[in-house]
Amino acid sequence: MRAMRYALIGALALAGCAVPTAEEIWIRPGLSAFEADRTVAACAGNARVQFPERRALETVRSAGIGIGVGNRGVRGGVGGGITVFEVDRNEARRDASFYACMRQAGFTLVTLPGCGSGPATPLESQPFDVRGLCVANGRLAAP
């Protein structure tokens with residue numbers, strides 16, 4: 001019985017891995033897939049022109065306190081460091097510009113499941129009802 005329980009838990013864990021993740025996609029019912037792709041590209045291009053990448057280095061200081069017990073008794077210590085990372089200072093503005101452009105063009109952002117690894121047929125036009133559809137390679141598809 002115990003082996004069967006572990007086999008069931010393992011099967012459920014593997015099934016959980018096969019569940020496609022959710023993906024966001026812009027839709028405008030009745031529009032062809034070509035026109036939708038063209039609008040996404042135009043909005044992304046306009047946002048990039050308005051707010052080009054502006055790279056900058058930022059730093060974060062960190063500190064830690066530790067206490068340990070060893071063969072020499074209780075010991076303590078303080079450590080610290082600096083983490084340096086690169087950021088794009090225009091990323092939030094560029095995203096906001098892109099979202100505004102897409103909404104102005106009549107698009108709505110929806111979340112749909114990914115199609116997973118099975119076969120999926122990309123749609124030629126965007127439907128009014130997205131129930132039962134999924135996203136494959138960034139495009140609406142039917143599983």
Side-chain angles (χ1 to χ4, degrees), residues 2 5-143:
R2 178 177 272 173
R5 183 180 311 150
Y6 289 127
L8 180 59
I9 291 170
L12 289 173
L14 288 175
C17 293
V19 175
T21 58
E23 295 187 38
E24 291 182 327
I25 189 166
W26 291 96
I27 64 163
R28 182 174 158 198
L31 199 64
S32 72
F34 173 78
E35 283 296 321
D37 289 346
R38 198 168 95 171
T39 303
V40 168
C43 285
N46 289 339
R48 189 161 289 287
V49 167
Q50 288 178 328
F51 301 102
E53 284 189 13
R54 201 174 104 208
R55 297 281 176 193
L57 294 178
E58 292 191 2
T59 59
V60 174
R61 293 186 182 274
S62 60
I65 300 172
I67 297 176
V69 178
N71 56 355
R72 294 186 180 176
V74 177
R75 302 180 112 198
V78 177
I82 297 176
T83 303
V84 178
F85 57 96
E86 186 178 38
V87 296
D88 178 359
R89 296 198 181 213
N90 275 342
E91 184 175 13
R93 290 180 187 100
R94 191 170 44 253
D95 288 348
S97 174
F98 172 74
Y99 277 55
C101 178
M102 291 299 289
R103 286 196 171 94
Q104 188 175 15
F107 284 77
T108 303
L109 186 62
V110 298
T111 302
L112 296 173
C115 293
S117 60
T121 305
L123 301 182
E124 294 297 320
S125 64
Q126 297 198 339
F128 288 88
D129 185 5
V130 294
R131 287 180 290 189
L133 298 180
C134 57
V135 179
N137 299 321
R139 305 200 64 199
L140 276 174

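Everything numeric here is computed off the predicted structure, so don't read it as measured data.
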Legend entry - side chain to side chain donor-acceptor pair (under 3.5 Å) against R93, all qualifying residues, sequence neighbours excluded: N90
Residues 125-132 side chain polar contacts: donor-acceptor under 3.5 Å, at least two apart:
| residue | atom | partner | partner atom | Å |
| --- | --- | --- | --- | --- |
| Q126 | OE1 | R28 | N | 2.4 |
| Q126 | NE2 | W26 | O | 3.4 |
| D129 | OD1 | R131 | N | 3.1 |
| D129 | OD1 | R131 | NE | 3.0 |
| D129 | OD2 | R131 | NE | 3.1 |
| D129 | OD2 | R131 | NH2 | 2.7 |

Extract all donor-acceptor atom pairs below 3.5 Å that involve side chains of residues 63-70 and protein atoms in other chains or at least two apart in sequence.
none

Throw together a table of side-chain donor-acceptor distances under 3.5 angstrom for residues 101-124, partners on residues two or more places apart or in other chains.
none

Inset, instruction - Please list, chain by chain and in numerical order, all residues satisfying salt bridge (charged side-chain N to carboxylate O under 4.0 Å, His left out) with E35, sequence neighbours excluded. - result: R38
Legend entry - Counterpart residues, salt bridge (charged side-chain N to carboxylate O under 4.0 Å, His left out), relative to D88 (two or more places apart): R94
Below 3.5 Å, can you tabulate the donor-acceptor pairs from side chains in residues 45-56 to any protein atom, sequence neighbours excluded?
| residue | atom | partner | partner atom | Å |
| --- | --- | --- | --- | --- |
| N46 | ND2 | A42 | O | 3.4 |
| Q50 | OE1 | S97 | OG | 2.6 |
| E53 | OE1 | R55 | NE | 3.3 |
| E53 | OE1 | R55 | NH2 | 3.4 |

Legend entry - For the student: nearest non-hydrogen atoms of R139 and F34, plus distance: NH2-N, 4.4 Å
